[in-house]
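The shown structure was predicted, so the numbers you read here are calculated from the model rather than taken from an experiment.
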Amino acid sequence: MISVIMTIYKEPWRWVHQAVCSLARQSYKNFEMIIIVDNPGYPSIAELQSLLKHLKLTAVIRVNDDNLGLVASLNSALNLVSGQYIARFDSDDECLPDRFDKELRFLRDNNYDFVSSSINLMSENGDIIKSLAFKGSLSTKQVKWIEPRSNPFWHPTWLMRKKVMDELKGYRSLYSVEDFDFVLRALDAKFELGILGEALVNKRIVESSISETGGYRQAVYAHFLINKYRSGELNLQVKLPKINPESEREYLSTLARKKKLERASALKKIGFSISLLSTSSGRLILANIIHQRFSIPAVKILKCLIF
C-alpha cells in the first residue's frame, strides 16, 4: 500500500478539491491519504471530510493546533503512515490518473528505493503552460551526476520505500531546501534513485507565492548544501548560512533593473548581461536566466562564472 502525504495551509478549496479528485481517479487504488491541515482556522475542513467520504477514499486527517510549518507537518504525517511505500503530493497540484501505477512499476522494475517523475507546469486556472518531461528516464548513475548540479527531483512527484524515510529520519528543518537536502542525503546514504521521464503531475504555478527574496535565499542555501554534500559533511549538524542583507538588497535591485529592461533593445540587454558578471548577486541572476532559457544546471553555470 502507498501512504500519500499531503499538507494543507491556505490553498483555496477549489484547488484542494481538484487535487483530491485527481487522487480518486488513480488507476492504482491501494493507497491511503495522510492529510495534515497546518491551519486550525482553515474554513473548508468539513467540505474536505465530506468529499473524502463521497469519493470513498481511505484518509486520516489531522488539524494542527497551531501553524507548525511544512517540515513539522510532514514529519508528523510520517508517524501516521501504514503503507510500505510513501508518496508526496501537494494540495494545489493534480496527479495524472496513472501516476502511482507507473511510478510504482518504475521503482519495482528497476529495484529503486526512491523515484520521482517529471511535471507539467500548470497555471492558476488549470491550463497547462509547459511540459518539463525528459526525453528518457534517468538511472541512479545519472541522478548522482545531475542532482548536485540541479534539482530535478520534484517534491510533489516523490514515491519511495518507507525504509528511505525511516533511515533518514524524515525531513530536517532547513527552510525552503528541506526537499533538496532529503534527496542529497538519500544519495549520500547509497539509496538507489531514479527519475521517470514522463510528466505525471501537473504542478500549479501560483504567482502570488513566488518570492524573489525567497528565490535568492533558496539559491544560496542550495549552493551551501551542495558544498556540504561534496565535502562529505552533509550528515553532520547543518546550520544554514546567514543571508547578507546587503547582497540580498543588491540582488533585488538588480532584478528590478532586469524587469525594466524586458522591452529594451537587444544591445541594452547584452550590456546589462555583461554588467551582471561584476557582482555575486548578478552572477546568480545570470545563472538562473541561462538555466531557465537553456535548461543548463544553474550550479554548473555559477561554477563557470566563479561564483
Side-chain angles (χ1 to χ4, degrees), residues 1-101 103-104 116 119 122 124 126 154-166 168-173 175-176 178-179 182 200-204 206 208-209:
M1 182 170 69
I2 298 174
S3 295
V4 185
I5 296 175
M6 186 172 82
T7 66
I8 298 173
Y9 179 44
K10 290 184 178 180
E11 291 79 8
W13 167 242
R14 67 182 184 280
W15 292 353
V16 176
H17 184 280
Q18 290 165 5
V20 172
C21 286
S22 77
L23 290 175
R25 290 191 292 269
Q26 288 297 297
S27 56
Y28 183 87
K29 300 296 184 182
N30 188 20
F31 68 89
E32 64 174 0
M33 296 180 65
I34 309 297
I35 303 173
I36 306 297
V37 182
D38 191 29
N39 177 2
Y42 189 70
S44 302
I45 294 175
E47 288 90 337
L48 175 62
Q49 293 170 328
S50 177
L51 177 64
L52 292 169
K53 183 178 180 180
H54 173 72
L55 296 174
K56 298 180 180 179
L57 291 174
T58 301
V60 176
I61 302 175
R62 290 289 184 272
V63 182
N64 293 339
D65 293 332
D66 300 293
N67 173 223
L68 301 180
L70 178 61
V71 170
S73 296
L74 291 174
N75 284 337
S76 69
L78 297 176
N79 296 322
L80 303 173
V81 304
S82 54
Q84 63 268 49
Y85 300 99
I86 295 176
R88 269 287 288 123
F89 189 48
D90 287 338
S91 57
D92 54 358
D93 295 338
E94 294 181 10
C95 283
L96 273 66
D98 50 2
R99 175 197 164 183
F100 292 156
D101 194 17
E103 286 184 351
L104 189 57
S116 69
I119 62 167
M122 180 174 65
E124 293 187 13
W154 293 98
H155 200 186
T157 73
W158 289 8
L159 175 71
M160 71 187 76
R161 300 180 193 273
K162 185 175 181 292
K163 68 177 184 180
V164 179
M165 195 65 78
D166 289 342
L168 297 183
K169 298 179 181 179
Y171 297 86
R172 296 197 293 189
S173 186
Y175 175 73
S176 80
E178 69 283 334
D179 55 335
F182 187 93
L200 296 175
V201 170
N202 297 331
K203 180 173 177 58
R204 198 180 303 272
V206 184
S208 61
S209 71

In this structure, CG of D38 is separated from CG of D65 (nearest 0.5 Å) by 11.0 Å
Among L159, V4, L74, T157, which one satisfies side chain to side chain contact (heavy atoms under 4.5 Å, CB included) with R88? L74
For the CZ atom of F89 and the NE2 atom of H155, what is their distance to the nearest 0.5 Å? 12.5 Å
Evaluate the side chain to side chain contact (heavy atoms under 4.5 Å, CB included) criterion for residues D179 and W154: first the C-alpha distance (whole Å), next the side-chain angles of each, then the deciding distance (0.1 Å), finally the verdict. CA-CA 9 Å; D179 55 335; W154 293 98; over 6 Å; no
Say you draw a straight line from CG of L57 to CG of L51; how long is it, rounded to the nearest 0.5 Å? 7.5 Å
Non-hydrogen atoms of V16 and E11 that approach each other most closely: CG2-CB, 3.9 Å
Tell me, do R161 and Y85 make a side-chain contact under 4.5 Å, heavy atoms counted? yes
Using the side chain to side chain contact (heavy atoms under 4.5 Å, CB included) rule, take K203 and M122 through it: C-alpha gap first, then chi angles, then the decisive distance, then the call. CA-CA 5 Å; K203 180 173 177 58; M122 180 174 65; over 6 Å; no
For the residue pair L48 and W13, establish whether any side-chain heavy-atom pair is separated by less than 4.5 Å. yes
Between D90 and D92 (side chain of the first, backbone of the second, donor and acceptor by atom type, cut-off under 3.5 Å), is there such a pair? no
Show the nearest heavy-atom pair for residues N202 and D93, with the distance to one decimal. O-CB, 3.3 Å
Mind checking whether I61 and L52 have side chains closer than 4.5 Å, heavy atoms only? yes
At their closest point, which heavy atom of C95 faces which heavy atom of S22, and how far apart are they? N-OG, 3.0 Å
What closest approach, in Å, do S73 and T7 show between heavy atoms, and which atom pair accounts for it? CB-CG2, 4.0 Å
Could you check whether any side-chain heavy atom of N64 comes within less than 4.5 Å of a side-chain heavy atom of I36, counting everything from C-beta outward? yes
Between atom CG of D98 and atom CD of E103, what is the distance when rounded to the nearest 0.5 Å? 9.5 Å
Would you say E32 and S82 make side-chain contact, with heavy atoms under 4.5 Å? yes
Around atom NZ of K29, are there more than 12 heavy atoms from other residues, nucleotides or ligands closer than 6.0 Å? yes
d(H17 NE2, S44 OG) to nearest 0.5 Å is 10.5 Å
Closest approach of Y42 and Y9, non-hydrogen atoms and distance? CD1-O, 3.4 Å
Pairwise side-chain contact, M33 with V20, heavy-atom cut-off 4.5 Å (strictly under): yes
Carefully, step by step, assess V71 and Y175 under the rule side chain to side chain contact (heavy atoms under 4.5 Å, CB included). CA-CA 8 Å; V71 170; Y175 175 73; over 6 Å; no
Test side chain to side chain contact (heavy atoms under 4.5 Å, CB included) on F182 and L168 and set out the steps. CA-CA 8 Å; F182 187 93; L168 297 183; 3.7 Å; yes
How long is the gap from CH2 on W158 to CD1 on I86, to the nearest 0.5 Å? 11.0 Å
Over 12 foreign heavy atoms within 6.0 Å of CH2, W15: yes
Without swapping roles, check the side chain of R204 against the backbone of E124 for a donor-acceptor pair under 3.5 Å. yes
Note: L70 and E178 closest approach over all heavy atoms is CD2-OE2, 3.5 Å
